[in-house]
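Structure, as structure tokens:
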Amino acid sequence: MNMQTLIDTARALVADDKGVLAMDESSPTCNKRFARLGIPQTENARRAYRELLVTTPGLGESISGAILYDETIRQKKADGTPIAQAIIEAGIIPGIKVDTGAKDMAGHPGEKVTEGLDDLRDRLAEYAEMGARFAKWRAVITIGDGTPSRGCVEANAHALARYAALCQEAGLVPIVEPEVLMDGDHTLARCSEVSEGVLRTVFQQLYAQQVMLEGLILKPAMVTPGSSCPEQVTVDRVADETMQCFLRSVPAAVPGVAFLSGGQPGELASARLNAMNVRFKSRAPWALAFSFARAIQQPAMEIWLGQDANAKAAQQALLHAARCNRAARRGDYKAAIEGI
Ligand code: 13P
């Protein structure tokens with residue numbers, strides 16, 4: 001393991017106010033999103049869509065890294081260039097999703113545990129060979145009546161830490177994603193309590209597995225009320241509660257916190273990221289960045305609709321969303337909406 005390379009890559013992923021484009025939807029998830037818009041659910045449509053994303057002119061000015069799915073990292077552009085190569089040429093760091101999905105957890109009704117540790121060492125070596133410099137593993141934590149259980153949080157945190165250790169051994173920066181889901185009617189206070197417990201457990205496990213904190217990126221959900229909670233709160237309140245929770249539970253050695261969007265409308269995700277940077281950038285020890293999928297891609301997908309003729313307009317929408325989130329990192333999001 002070259003520690004300095006890991007540190008340099010982790011820092012590069014959150015440098016210059018840029019963020020990560022998550023475009024690693026599994027084929028079933030990508031197909032679901034295509035189906036809703038009447039886009040054919042074929043390998044070639046997924047390939048064409050991902051080619052459109054990564055060839056957006058100027059994307060590398062706002063996007064530092066792009067997370068791919070196994071199918072995509074093996075695909076080529078129409079002109080024969082490997083997708084990973086096209087990403088590198090755009091000045092973007094290629095990354096890869098390496099978990100094999102969140103599965104029902106035995107003995108824990110309503111809860112999931114993420115799998116994918118079997119053969120992970122070999123898979124990481126192959127992905128590194130294909131150009132990947134970082135990886136992602138997503139654990140999901142469900143807030144409900146009696147959940148999350150201690151067993152679920154500990155099993156997921158342990159798997160995240162074993163994944164992270166294997167990544168660093170292979171020279172890949174692990175993105176550690178313990179997603180506390182927004183689904184449900186829980187309050188902001190309950191989300192904060194659960195998120196703090198999850199983060200503390202994850203960092204205990206990372207310590208036990210001897211993961212170097214300077215060489216990873218944390219990818220959490222923002223602390224919000226559940227999506228069906230009757231009591232929603234202001235953007236500033238989400239920023240304050242998220243930061244209070246993270247300042248208590250995320251060590252200062254971590255270079256970056258790159259939020260997921262989790263199904264929030266894109267503009268709301270940007271506004272909340274903006275508020276965190278306006279209110280906390282000067283005292284947060286880590287960069288407050290983004291690693292959004294839906295909040296960056298959704299408008300582009302809705303414009304593309306599987307039609308070549310719409311590709312340019314879709315790329316413009318993607319670029320706009322990426323620029324807005326870069327502006328949010330600078331605490332300059334409102335100006336960006338009007339000015340870009
Ligand atoms: P969303 O931003 O759509 O939540 O996706 C982020 C992600 O990569 C989930 O694993």
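Counting starts at 1 for both ligands and their atoms, following the listed order. Because only heavy atoms are used, hydrogens play no part in the values below, and waters and symmetry mates are left out as well, while side chains stay in.
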For this session: Using distance alone, decide if ligand 1 has a nitrogen or oxygen within less than 3.5 Å of any nitrogen or oxygen in Arg294.
Result: yes

Problem set entry | Test of proximity, Leu260 against ligand 1: N or O pairs below 3.5 Å | no

Exercise. Any side-chain heavy atom of Met23 sitting closer than 4.5 Å to one from Tyr49?
Worked result: no

Exercise. Hey, is the main chain of Arg200 close enough, under 3.5 Å, to the side chain of Ser249 for a donor-acceptor pair?
Worked result: no

Exercise. Is ligand 1 under 4.0 Å from a heavy atom in the side chain of Ala22, in the backbone, in both, or in neither?
Worked result: side chain

Exercise. In terms of residue, atom name and distance, what is the protein heavy atom nearest to atom 5 (O) of ligand 1?
Worked result: Ala293 CB, 3.2 Å

For this session: Identify, with sequence neighbours excluded, every residue that meets side-chain hydrogen bond (donor to acceptor under 3.5 Å, both in side chains) alongside Thr42.
Result: none

Problem set entry | Top protein contact for atom 1 (P) of ligand 1, by heavy-atom distance | Ser261 OG, 3.3 Å

Problem set entry | Residue among Leu124, Val211, Asp99, Leu120 satisfying side-chain contact (heavy atoms from CB on, under 4.5 Å) with Tyr163 | Leu120

For this session: Using distance alone, with no hydrogens and no angle criterion, decide if Thr81 and Asp79 have a side-chain donor and acceptor under 3.5 Å apart.
Result: yes

Exercise. Is ligand 1 less than 4.0 angstrom away from at least one heavy atom of Lys219?
Worked result: yes

Problem set entry | Within one Ile-Leu-Val-Met-Phe-Trp-Tyr cluster: Val257 and Val180, side-chain cutoff 4.5 Å | yes

Exercise. With a 4.0 Å cut-off on heavy atoms, does Gly262 reach ligand 1?
Worked result: yes

Problem set entry | Close-contact set for ligand 1 against Phe292 heavy atoms, below 4.0 Å | 2 (O)

Exercise. Can you tell me if Lys136 has a non-hydrogen atom under 4.0 Å from ligand 1?
Worked result: yes

Exercise. Identify the closest protein heavy atom to atom 9 (C) of ligand 1: which residue and atom is it, and at what distance?
Worked result: Glu177 OE2, 3.2 Å

Exercise. In the hydrophobic cluster built from side-chain contacts under 4.5 Å, what are the other members alongside Leu181?
Worked result: Val140

Exercise. Within the side chain of Tyr127, is there an N or O that forms a donor-acceptor pair under 3.5 Å with the backbone of Phe134?
Worked result: no

Seminar exercise, completed: With heavy atoms and a 4.0 Å threshold, my read on which part of Arg138 contacts ligand 1 is side chain

